[in-house]
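Have a look at the structure below before the remarks.
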Amino acid sequence: MAGHPNYLWLNGELTKWEDATVHVTELGWSSVAAVFEGIRGYWNGESEELFVFRLTEHMDRFMRSMRLQRMHSRWTRDELIAACLQVARDNDCHEDTYIRPLAYFGSASRGAFLATNSDCDIMITSNPAPSHLMTGVKQTASVSSYRRIGEDVMPPRVKNISNYRNSQLGSTEARLNGYDTAIFLNTAGHVTEGPGACLFMVRDNVVITPDLTSGILESITRDAFLTLCREQLGLEAIERVVDRTELYIADEVFFAGTMAEVSPVTMIDHYDIGTGELGTVTGQLEILFNDVVRGISPLYSAWRTPVGVRALATASGDD
Ligand code: PMP
């Protein structure tokens with residue numbers, strides 16, 4: 001692969017990367033309404049297979065994002081699932097991969113502020129995205145001075161590109177202030193999530209995460225972690241309103257998300273979290289998650305869709 005994948009999927013056609021162009025006037029307004037998905041495929045070197053994590057759930061959320069945006073998809077959920085797999089297969093993805101479907105109103109001339117069930121354009125790209133699971137990554141965070149967007153302004157429960165301006169403001173502020181990332185409160189002052197990930201804390205062996213009406217994305221990793229904590233780690237895992245100062249006195253805090261995977265937070269606003277090192281529950285969850293997403297463990301096979309990548313020998317051969 002010379003700097004970019006060979007193909008992407010554009011409006012029903014597998015298209016050569018170089019040929020997938022849009023007119024420059026579509027930049028800008030077409031992205032105001034755009035919605036997207038972020039999906040990971042995990043490589044298993046043993047079985048030489050790429051497993052896409054919870055693909056159906058991601059595409060269900062993609063359809064919900066389009067619905068809320070009053071976008072009409074010319075393709076069914078299952079056709080889009082097949083398209084994601086085709087992109088990964090035809091790009092010979094033999095490594096951890098990020099798959100990103102994007103739906104947008106392709107013609108800005110249709111009116112920037114009107115979205116009324118018109119057909120949207122959809123493209124699907126794949127890119128290498130090395131996992132940081134089991135690499136010892138940890139983060140520092142600060143509570144942002146920016147509040148999280150809310151249901152009364154822009155619904156955070158779906159993945160609209162515009163939502164990420166709020167993420168960007170908080171994230172940049174945190175970085176400029178010397179932290180790795182931000183934690184947003186909602187307008188009621190309760191904890192929501194990070195710029196691109198959900199938040200968990202552990203207090204007295206109970207795993208706690210803000211509930212879905214706190215103003216957070218309906219995260220697929222969050223749902224998986226609640227299941228893994230309850231079913232595999234035997235822990236109580238609850239969804240409830242979380243206060244800011246609970247974070248400072250928590251035993252463990254970690255982010256959860258497709259890109260964030262399991263990301264331990266070891267300091268918030270200059271409070272060490274727990275011992276200031278990787279916590280026990282976070283560490284256990286990281287190992288478990290790695291085993292499940294890569295298919296090292298047979299557990300939760302319904303969460304893994306095998307791409308059916310060709311063997312490298314064939315891919316680089318003369319077929
Ligand atoms: N919150 C936000 C704002 C996000 O962008 C993400 C990443 N998609 C998440 C939470 C985590 O969601 P998921 O587990 O579905 O990736």
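One is the number of the first residue; the rest follow in order along the sequence. One-based numbering, in listed order, for ligands and for the atoms of each.
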Considering only heavy atoms of I220, which atoms of ligand 1 have at least one such atom less than 4.0 Å away?
13 (P), 14 (O), 15 (O)

Those atoms of ligand 1 less than 4.0 Å from some heavy atom in P195:
3 (C)

Test of understanding: given a 4.0 Å heavy-atom threshold, classify the contact between [X] and ligand 1 as side chain, backbone, both, or neither.
X    : value
S219 : both
K159 : side chain
E218 : neither

Residue-ligand contact [X]/ligand 1, heavy atom below 4.0 Å:
X    : answer
G38  : no
R148 : yes
A224 : no

Sidechain N-carboxylate O distance under 4.0 Å for R61, E37:
yes

Using a strict threshold of under 4.0 Å (side-chain N to carboxylate O), is an ion pair present between D60 and R54?
no

Within the distance-only criterion (no hydrogens, no angle test), does the side chain of R40 pair as donor or acceptor with the backbone N or O of T258 below 3.5 angstrom?
yes

Is the distance from the ring center of F254 to that of F200 below 6.0 Å?
yes

